[in-house]
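Each chain gets a letter, A, B and so on, in the order the sequences are listed, and its residues count up from 1.
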Number of protein chains: 4
Amino acid sequence: MEFVEKQPIYMQIADYFCENILEGKWKTHDRLPSVREIAVAMEVNPNTAMRAFTYLQDKGIIYNKRGIGYFVDEDGHSKALKLKRDDFIEKDVPAFFKTMKLLKFSCKELEELNKE
Amino acid sequence: MEFVEKQPIYMQIADYFCENILEGKWKTHDRLPSVREIAVAMEVNPNTAMRAFTYLQDKGIIYNKRGIGYFVDEDGHSKALKLKRDDFIEKDVPAFFKTMKLLKFSCKELEELNKE
Amino acid sequence: MEFVEKQPIYMQIADYFCENILEGKWKTHDRLPSVREIAVAMEVNPNTAMRAFTYLQDKGIIYNKRGIGYFVDEDGHSKALKLKRDDFIEKDVPAFFKTMKLLKFSCKELEELNKE
Amino acid sequence: MEFVEKQPIYMQIADYFCENILEGKWKTHDRLPSVREIAVAMEVNPNTAMRAFTYLQDKGIIYNKRGIGYFVDEDGHSKALKLKRDDFIEKDVPAFFKTMKLLKFSCKELEELNKE
DNA sequence: GTGGTCTAGACCACC
DNA sequence: GTGGTCTAGACCACA
């Protein structure tokens, strides 16, 4: 049996910023909080916060101005959307359908929950 | 920010048995593997396996015959179903819809993935 | 005036492995030294060695087997070649031509040095 | 493994003046900017700028008139050229050929890049 | 033994 | 102030 691992903290931070960019909290060329601010606010080591930013930069979602900070990339929103959608389709959706099937959860029931 | 911790192992084991009962692998009054067997098979401390059984017994899904083992309860299947459905409806479904909304994921797209 | 920065150590380590893969010292699916071995051999912190590997893994040059080590990827050689060539063409070659021009260094002279 | 350290700043400044003399920006007996001017312009400690001049004076590329300033030597251009060429031939060219060989970079490819 | 994550804290260059 | 790199050392899961 394989046990489920927790998501690394730096990934959860990256996810957090991804989601906030998708929600429009930070728009193109907006400056994100500094590494140190995040470290304090999230009670995390600066290195861990940094790692989240490095990850997002690698993905082309944010960019860096030396000595100033990190900013949402021109294509940040769309890149974040693609990243999250791919993940959603690959992992979340199949798992969701599997559980639905296991619980004999009908699409009708699902639709009613959606309306609420 | 609060970080997501990993699910305790005993809960993952309890989930595993729940799912297998729902799938019909173990039916009413079937005897489940012994704590020791599970501990060996899953490479887990016997106490951890025991804790999973205690949890399932509390939920009325399995019962215990002293010195013999654990068995699926008369209502085990339905109780497991209810437990899982409640959890599904309370947590998984809202989270799923929230993500769908965030990603502008249409029901149509979802249906197509379901067909595949 | 902008001063030239030194290449980060982890990048120099990554370069080192790149070059050795190109030279054929490590071939496809060969296991590279462990993070700890490198740290000791190069008198570097394990984190720094790790960072070099993470970088090479991101580039698709090496891959990882959990608990075993890092290995040269199927396409590792070609990926490393492309990475290095792009860098060479973008940076080294223009700088080289610029210096040649500055020093009035003819192609003929260059060719003679090449023969030696 | 030995890691490459960055070039000392005073050497980078010396290089800068060498290049400008070679480009003809400063000709024989031209007065170079004062140590203080350089220090301000390059945001560098005056001692560092001074060290660059001392180095160039040692090489016979510039000379000093006490209380007036530094000037390009009679043979400054040719000495600078020799210095740079020697360095180019001893270090840059072999390194360049080595990389070319490693990357299987043909002379033909190089020529085409030169034309552009 | 392996890699992966994380903390604590340092030093650096750039703005 | 900002990020970038690096060290030292810890704990974890996996093999």
Any idea which heavy atoms bring [X] and [Y] closest together, and the distance?
| X | Y | answer |
| --- | --- | --- |
| A:G69 | A:N64 | O-ND2, 3.2 Å |
| D:Y10 | D:A52 | O-CB, 3.4 Å |
| D:I89 | D:P94 | O-CD, 3.1 Å |
| C:Q7 | C:D15 | NE2-OD2, 3.8 Å |

- Task: Using a 4.0 Å heavy-atom cut-off across all strands, classify C:F3 as base, sugar-phosphate, or nothing.
- Result: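 Counting heavy atoms under 4.0 Å across all strands, no contact is made by C:F3.
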
- Item | Rounded distance (nearest 0.5 Å) linking atom OG1 of A:T48 with atom CG of A:N45 |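 A:T48 atom OG1 to A:N45 atom CG measures 5.0 Å (nearest 0.5 Å).
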
- At what distance, to the nearest 0.5 angstrom, does NZ of C:K101 lie from CD of D:E23?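 It comes to 9.0 Å.
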
- Item | Phosphate OP1/OP2 of F:dC6: any C:Y10 side-chain N/O under 4.0 Å |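 No, outside the criterion.
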
- Heavy atoms of other groups near C:R31 CZ, more than 12 under 6.0 Å: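 It does: C:R31 CZ has more than 12 such atoms within range.
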
- Read 5' to 3' with Watson-Crick or G-U pairs under 3.5 Å, [ ] for crossing pairs and | for partners on another strand, DNA chain E gives ||||||||||||||.

Starting at atom [atom1] of [X], determine the distance to atom [atom2] of [N], rounded to an integer number of angstrom.
| X | N | atom1 | atom2 | answer |
| --- | --- | --- | --- | --- |
| A:K6 | F:dA13 | NZ | C1' | 13 Å |
| A:M50 | E:dT5 | CE | P | 17 Å |
| C:Q7 | F:dT5 | CD | P | 10 Å |
| A:Y70 | F:dG4 | OH | P | 3 Å |
| C:F53 | E:dT5 | CZ | C1' | 18 Å |
| C:K65 | F:dA15 | NZ | C1' | 12 Å |
| C:Y55 | F:dC6 | OH | C1' | 18 Å |
| A:R51 | F:dG3 | CZ | C1' | 17 Å |

Set out, line by line, the N/O atom pairs under 3.5 Å between protein and nucleotides 7-9 of chain E.
{"unit_1": "E:dT7", "atom_1": "OP2", "unit_2": "A:N45", "atom_2": "N", "d": "3.2"}
{"unit_1": "E:dT7", "atom_1": "OP2", "unit_2": "A:T48", "atom_2": "OG1", "d": "2.5"}
{"unit_1": "E:dA8", "atom_1": "N7", "unit_2": "A:N45", "atom_2": "ND2", "d": "2.7"}
{"unit_1": "E:dA8", "atom_1": "N6", "unit_2": "A:N47", "atom_2": "ND2", "d": "2.6"}
{"unit_1": "E:dG9", "atom_1": "O6", "unit_2": "A:N47", "atom_2": "OD1", "d": "3.4"}
{"unit_1": "E:dG9", "atom_1": "O6", "unit_2": "A:N47", "atom_2": "ND2", "d": "2.8"}

- Message: Taking atom types as they are modelled, would you say the side chain of A:R36 forms a donor-acceptor pair with the base of F:dG1 within the 3.5 Å cutoff?
- Response: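 Looking at the base of F:dG1, it does not pair with any donor or acceptor on the side chain of A:R36 (distance under 3.5 Å).
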
- Message: For A:F88 together with B:F96, are the ring centres under 6.0 Å from each other?
- Response: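 Yes; A:F88 has its ring centre under 6.0 Å from that of B:F96.
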
- Query: When the ring planes of C:F71 and C:Y63 are compared, do they come out parallel, tilted or perpendicular, using 30° and 60° as the limits?
  - Reply: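 If you compare the ring of C:F71 with that of C:Y63, the planes turn out parallel.
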
